[in-house]
Peer 1: 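Dumping the structure here so I can ask a few things about it.
Throughout, numbering of the chain's residues begins at 1 and tracks the sequence. Note that these values count all heavy atoms, side chains included, but never hydrogens, waters or copies made by symmetry.
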Amino acid sequence: MNGIGLGFLRNPMGASDLARGNYTYDDMPSGQTDASLAHFTISHDLADVVPLTKQAVSSTPTSRSWAPRGPRRRG
């Protein structure tokens, strides 16, 4: 085993408490909106987030994406 043996990775994307700065994927000047997402870009993440995600996926055969569970069914 290399490293400290962790089996997970938290890779912040967009607005996150762990990101080094504040940004969104559709930054606009104050008071302006972009409902059509004409200015949407992931260029901010191309230097760090995307390569780290690719490295994690390629180095761990059991790696998978995680998303919160949907609403629980009642009844």
Peer 1: So, using ring-ring contact (aromatic ring centres under 6.0 Å, His included) as the criterion, who are the partners of His39 when residues are at least two apart?
Peer 2: none
Peer 1: Which residue pairs pass the salt bridge (Lys or Arg N to Asp or Glu O under 4.0 Å) test with at least one member in residues 31-54, sequence neighbours excluded?
Peer 2: Arg20-Asp48
Peer 1: Is it true that Tyr25 and Met28 fall in one hydrophobic cluster, defined by side-chain heavy atoms closer than 4.5 Å?
Peer 2: no
Peer 1: With sequence neighbours left out, write down each residue that passes side-chain hydrogen bond (donor to acceptor under 3.5 Å, both in side chains) with Ser43, or none if nothing qualifies.
Peer 2: Thr41
Peer 1: Please name all residues satisfying side-chain hydrogen bond (donor to acceptor under 3.5 Å, both in side chains) with Asp26, sequence neighbours left out, ordered by chain then number.
Peer 2: none
Peer 1: Take a 6.0 Å sphere around CD1 of Ile42 and say whether it holds more than 12 heavy atoms from other residues, nucleotides or ligands.
Peer 2: no
